[in-house]
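Report on the structure given below.
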There are 2 protein chains.
Amino acid sequence: MPQSETRNRRFVLAERPKGEPDDNTLRLETGDVPTPGAGQMLLRNEYLSLDPYMRGRMSDAPSYAPPVELGEVMVGGTVAEVVRSDVKGFEAGDWVVAFGGWQDYALSDGKGVINLGKNPENPSWALGVLGMPGLTAWAGLTQIGAPKAGETLVVAAASGPVGATVGQIGKILGCRVVGIAGGPEKCAHVVDTLGFDACIDYKAAGFPEALKDAVPDGIDIYFENVGGAVFDAVLPLLNTRARVPVCGLISQYNATSLPEGPDRLNLLLGAILRKRMTFRGFIVFDDFGHLYPEFAREMSAWVKDGRVRYREDVISGLEQAPSAFVGLLRGEAFGKRVVRLSD
Amino acid sequence: MPQSETRNRRFVLAERPKGEPDDNTLRLETGDVPTPGAGQMLLRNEYLSLDPYMRGRMSDAPSYAPPVELGEVMVGGTVAEVVRSDVKGFEAGDWVVAFGGWQDYALSDGKGVINLGKNPENPSWALGVLGMPGLTAWAGLTQIGAPKAGETLVVAAASGPVGATVGQIGKILGCRVVGIAGGPEKCAHVVDTLGFDACIDYKAAGFPEALKDAVPDGIDIYFENVGGAVFDAVLPLLNTRARVPVCGLISQYNATSLPEGPDRLNLLLGAILRKRMTFRGFIVFDDFGHLYPEFAREMSAWVKDGRVRYREDVISGLEQAPSAFVGLLRGEAFGKRVVRLSD
């Protein structure tokens, strides 16, 4: 079912998922293309970004952002084309980055929307290495990880848009960089294309031992995107004064109960104490949004020079978005997962 | 058994304790007073400091400092008088702060020893508010807690030398300060004498609810000295961007196994992520020793002005040190526990 010029397809939140989202979580509705009022513009979404944080918005558990209400369009970052505009600074034919949501068309008053101009090169990259995931990687690593040349940086979810970028910046800054990814194909990409020093397959037998062997000097910075068994393997390898930017915990997002004991909460506090470590959680735009201009300048140059490489995993068609999102949470994406909405 | 001029009593580590130290942990030995060689001085210990970190030194589990070897004198900070000296800058009759250990006499080459002069006022305070515990409080709060006026600071072990000082500094800096202590007598002292805004008795029924009622705006800074059930009550009350200096975990030091499940390790990581919190462990001299001059200047003035008050819990006689130390770990000390060695 392709994009139409008169009808708007949209996924609304039908039911809050328990555990993994399923066919009842989102509902596809079709309505008229909305009409922009004074001071508004109409956007046709070209690309929808799929990101792990969306799982949190489906839930009404306390979090840093309010949940999507039942019956509302599912939120999401989009790259869109302006169809018509009554907003200063935007005109028909401009490409923009916006929060257009899981739908074909969106209205906007221009707030928080970035204009990419008429003919952007790789417009969808603004949802990845040059956008939120890129800023997440850059800010989390430089502002919390505080890497020094010669230190060992370990990056979880190393083939994903955040992890891949963290590791490549780590290499630029002179770190020894070890990735963790799922499967030999992703690991080969992480080493051969992204230039990490090593990549360990967390799905392979003997993962904790392989990780230990890959970090003979221990771990000075661990960029946490995963939690669960990956963190369990990392924890004993963390060095005195290690820094752990806590960016995500994708292994836990579908969890419906706490794992069985023993209870290791005080064990973690004890490790933080004895090793004098810093663990810091962050939400990129709230904590580091003010650094966006510096990020954009530095990252654009690195991408242009080929020092930072970027891989996309493009899914075709809005109707594929729900299953593609479940696959993302399962670790099935290989690169930054975006949904191409137009033909 | 009083101090002798010819014999040296010393407690050596006889056996590594499993759980709480007992009568077999330390052994009292008596030998000759040691003779200082060239470049050394002989110190007669007047006060021995008892501190929770000593439990860690009795154990050979991996930690930030090497353990005391079996048969060696138990380590400890002391205030001592110089008996005779071949060290430049020290002469007989000087009072000093040193690491003289659990014994009557110690030799020193002067490294790390601070000279208090011939007639110091309250010399033992150099083991508390004006020494390591004071620096711990001041540096942990200012460097990690980063308090701002109007924020809510919660302090565990609030009647102890570190907690009492943290809270009083917090008041000076304009925070709302809530202490946690064991029993009504300690809580009354924390509020009436130390000037905290409130103090909650963690031994009383309904402790978590009482703590919640005492922090209507949540907790911006939690100075962690305790862990266990106290931390469990604090965790849900921590605000977005809360800072948690992890200074000690006294409730856990005698633990011989992990508590039963469920396993809340990922729950803690998730809270750090969602609330964008910072948890940072520190060891005072390693991390903040360079700030000692600034601390000493500021704290001396506050103590002199009466803005920071200090309570000691003085135990008489070296032979009481082992049981006094066990009591310290049980929370029985009321104020800074020191052992008076001379008559």
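Naming: A, B, ... by sequence-line order, numbering from 1 per chain.
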Exercise. If you check every heavy atom in residues 247-276 of chain A against those of chain B, which residues fall under 4.5 Å?
Worked result: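 A/C247, A/G248, A/L249, A/Q252, A/Y253, A/L258, A/P259, A/E260, A/G261, A/P262, A/D263, A/R264, A/L265, A/N266, A/L267, A/L268, A/L269, A/G270, A/I272, A/L273, A/R274, A/R276, listed by number.
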Problem set entry | Residue among B/I144, B/L235, B/T278 with most heavy-atom pairs under 4.5 Å to chain A |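 Highest number of heavy-atom pairs under 4.5 Å: B/T278.
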Decide, yes or no, whether a salt bridge links [X] with [Y] under the criterion of side-chain N to carboxylate O below 4.0 Å.
X	Y	value
A/R241	B/D287	yes
B/E20	B/R330	yes
A/K148	A/E151	yes

Exercise. Non-hydrogen atoms of chain A under 4.5 Å away: do they reach the side chain of B/F282, the backbone, both or neither?
Worked result: backbone
For this session: Measure distances from B/R243 to the heavy atoms of chain A and classify the residue's part below 4.5 Å as side chain, backbone, both or neither.
Result: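 Answer is neither: B/R243 stays 4.5 Å or more from chain A.
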Rounded to the nearest 0.5 Å, what's the gap from [atom1] on [X] to [atom2] on [Y]? Could you check?
X	Y	atom1	atom2	answer
B/L70	B/D60	CG	CG	8.0 Å
B/C199	B/I180	SG	CD1	8.0 Å
B/L211	B/D232	CG	CG	11.5 Å

Exercise. Short question: side chain of B/Q143, backbone of B/A146 - any donor-acceptor pair under 3.5 Å?
Worked result: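 Answer holds: no.
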